[in-house]
Amino acid sequence: MKLSRQFTVFGSAIFCVVVFSLYLMLDHIDHSKNPNGERIQKVSTVLRLSIHYHLERLLAENNEIIGNIRDSVINLRETVKDGKMFPEGNMSQGDLELLPPAPALLPIHSEDCQFAARTYSKMLDVYDLLSFDNPDGGVWKQGFDISYQDNEWDNEPLQVFVVPHSHNDPGWLKTFDDYYRDQTQHILNNMVVKLHEDSRRKMIWSEISYFSKWWDNIDEQKRDAVRRLIESGQLEVATGGWVMPDEANTHYFALIDQLVEGHQWLERNLGVKPKTGWAVDPFGHTPTQAYLLRQAGLSNMLIQRVHYSVKKHFASQKTLEFFWRQNWDQDSSSDILCHMMPFYSYDVPHTCGPDPKICCQFDFKRLPGGRISCPWRIPPQAITDNNVQERAQTLLDQYRKKSKLFRTNVLLAPLGDDFRYTEAVEWDQQFENYQKLFDYMNSHPELHVQAQFGTISDYFEALRKSTGMDPVGMNVGQLALPVLSGDFFTYADRDDHYWSGYFTSRPFYKRLDRVLESHLRAAEVLYSLTLANIQKYGQPNDYPAVDNYKLLTEARRNLGLFQHHDAITGTGKDWVVVDYGTRLFHSILNVKRVIVSSAHWLVLKDKQTYYHDPSNPVLQMDDVQPAQDALPRKIIFEFFTVPRLLVVYNPTEQARMSMVTVYVTTPKVRVLNAVGHVVRAQVSAVWNDVSHAAADVFQLSFVAQAAPLGLSVYQLMEGMEPRTEAAKYMILQDGRQISISELEHFQQFYQQDAAPVHIENPHLKLSISTATGLLEKMSLKEDDSEHLIKVEFVWYGTTSNKDKSGAYLFLPDKEATIYSPSQPPVVRVTKGPLFSEVTTTFTHITHTLRLYNIQGVEGQSVEICNTVDIRGETNHEIAMRITSDLNSKDRFFTDLNGYQVGHHGMRNVDFCDWS
């Protein structure tokens, strides 16, 4: 027996080394140097994935055997260090001759074999495995049948945590304030009363925007009651952000801002630091949010809206719980423990188990006589002594089936939905009936289950304990959970219903979000610099420090509110969108006031001359937005006897050199920097329409420089200046040149044939069709290479089915058709010393390509600007398509929150009948 055991240990060690060596071989294949590199890469990817999932399945089934082998390896470590294969006296000399002479051995640690039980996968590889079909899975329509043996929990009982929650959208079908008035305040008021009635009851809350508004309206007695609920563990704040943010359209600055705003509020008012993230409703999930939560000190998180095929695959592999790791991470420093909900939705019918018809019977708000019922027409039953046995066993069957999708005997069962627990009667219906079920289950040991109410952190604490992990750490534990990197876009909840419509819904307000975000950062930096400067020079009498702080706080909260997954997504009702837009608009105006008053103080040499007059500020911003739904317009600089001062601010941490454009009343302008040197400038026309220029307004452009977080002052003076040069123009339509009248300050140029128009700078040369006004080729001057880069616009219609493209979905009726306006476009070519551009005006689109003659990134890139107006169209969408000669095969890359890049594969999944 001893010899057999030694062979087992030695064989397992060799197995680990061989498999690990195979991994290293696959990782070190040099595809670029092999003419069949593509084939080798595909083979190695398949082989790697095969090893991942085959090992995971085999080792999960034989976990106990591997544990014994690992223990044996640990016991032999000291002997191995001494260079001896077996302890002295265990075997005779004859026995030793059964083995060949062993080479010098290195110490073998138990961790060396843990890779076999802890797989590492990338979502890019997972997607390659999926067929993205949607066969009928039985009661779990998007899954499969689940079975179990009654004795599976005899040795380790099932531990069930039912987590009551109420998902409160800060705006969607109603505005934020209307939701609060009609529903949210009543939910929170009832929470305080109903949780205090029974210490076994628990609840989680997520949206601090609502919680803070409610807090401001309750008395100190109720506040103390809330603090006691939190201290006792009955109430948990999950995530703790201002909202539950969208994860596709949001920029990481705003994601951080709304998270910090919520966490600071919690720290100030409740002394609470969230431990677990809760994201049940964002339409897809980004690793950027996972990273930010980890950096904010959270150890766990939950996600829900993931493509149904991905959920099914993870459920079949028992990998719905995993460590989410960043793509760039070489170790586990960015890991966060993540739970993916397995079923269709976060409502009660889809959270207790795989059969929604059964689970709906345990949503006691749907008891007969209520306002909502079960779609499957089998209503819940109030729990009584007569039916508790049958009801408990029915519910336990669902719990057991759901638990088969996970690796531990700790089960999560959320209990809630949108705006639940508004009325006191629902609290009684849910908590009293469930408590009767729990009491029955827990009092019958033969059921082998322990069920209770819990918070989301209660669940993760039990999960970590069951796997041998630290309470908050990311170590492997006794039962290793897999590691995963990548993102969960694009989300689909059924068939071809891909939720990519919201990527572009209401783009005007998506832009407004970025405007406020950039202005808010600029204002916060200037405000902070001003306060520090005031401490150095002495406090002025009238710098509005307190007022500015309030304006910044309100702006942060309005920006945070707009990160909500029904706000920046564009999926709210029209009047709700107007409410969001109004908040953003007013906050932009307010942060501009902060910028102006702070910059005024900072640029003054004599601080004693500072004064604050809100009705007549010394400085003005260079643009004005008249309303929340209007485009901004430039203010016009008029010249008098004294020079006009222009202050340029750089809110970034790097020195910048960038093009600045202002509107002036004369083309004869001189630009001077702070030391009086003349700055090269370009004067261009301001166009009233596609071919008529304004006679009294001109664009003045020059390259401004500013230090990191610095302010630069420029003087604008009226007068002739050789270094201020005028742009030249050519206008074409249908390949023919059009004469421009009333262009007295600018020259026109012509070309002899219909050859492509060229604009260029020291780095790039663009070729644009004279007929379409669209880019066709781009040349890189650095290596004289020419690339085919074709820009075109296309139309998408929408399917004739019941579900159509809209705010959420992208469901086209057929392949895109080329956009062909009834009139040929007007193409206006501008050439100047600082920038050149081609502006093409179609019926619905104004398209501009611009090249800057400037050093740095701006000069090495093409700026594309599109202004689109399809308000007269119904069920049509316009897209810009860029086709290049880059051989990217089936891979493409997408932005993730302005923070990182996601890797994706292209698949042809044909759900649509386009015939």
Residue from T848, T846, T830 passing side chain to side chain donor-acceptor pair (under 3.5 Å) with T839: T848
N/O donor-acceptor pair under 3.5 Å between S587 side chain and R583 backbone: yes
Contact list for residues 658-692, test ring pair (Phe, Tyr, Trp, His ring centres under 6.0 Å), sequence neighbours left out: W687-Y729
Over 12 foreign heavy atoms within 6.0 Å of CD, Q295: yes
Shortest non-hydrogen contact between E207 and P170, atoms and distance: CG-CG, 4.2 Å
Residue pair T239 / S206, side-chain donor-acceptor N/O under 3.5 Å: no
Whether N897 side chain and T250 backbone form a donor-acceptor pair below 3.5 Å: yes
Y291 and W328 aromatic ring geometry - parallel, tilted or perpendicular at 30°/60° bounds: perpendicular
Candidates D895, T288, N327, D487 - the one meeting side chain to side chain donor-acceptor pair (under 3.5 Å) with Q900: T288
T571 vs D566, side-chain hydrogen bond (donor to acceptor under 3.5 Å, both in side chains): CA-CA, chis, key distance, verdict: CA-CA 5 Å; T571 54; D566 282 309; 2.7 Å; yes
Contacts of D216 that satisfy side chain to side chain donor-acceptor pair (under 3.5 Å) - sequence neighbours left out: none
Short N-O contact, K213 and D177, less than 4.0 angstrom: yes
W215 and F211 aromatic ring geometry - parallel, tilted or perpendicular at 30°/60° bounds: parallel
Any side-chain heavy-atom pair of Y649 and S598 under 4.5 Å: no
Side chain proximity check, L531 to Y527, heavy atoms < 4.5 angstrom: yes
Donor-acceptor contact below 3.5 Å, side chain S518 vs main chain V515: yes
Qualifying side chain to side chain donor-acceptor pair (under 3.5 Å) pairs with a residue from residues 705-720, counting only residues at least two apart or across chains: none
is_close_aromatic(H612, Y543), centroid dist under 6.0 Å: no
D613 and N616 side chains, donor-acceptor separation under 3.5 Å: no
Result of checking Q264, E524, Q258 against R556 for side chain to side chain donor-acceptor pair (under 3.5 Å): E524
H600 and Y611 aromatic ring geometry - parallel, tilted or perpendicular at 30°/60° bounds: perpendicular
Side-chain donor/acceptor of N590 to backbone N/O of K592, under 3.5 Å: no
R506 and D574 ion-paired at < 4.0 Å: yes
Salt bridge flag under 4.0 Å for residues E261 and R557: yes
Y580 and H564 aromatic ring geometry - parallel, tilted or perpendicular at 30°/60° bounds: tilted
Side-chain ion pair, R633 and D623, N-O less than 4.0 Å: no
Nearest heavy-atom neighbours spanning H263 and G240: CD2-O, 3.3 Å
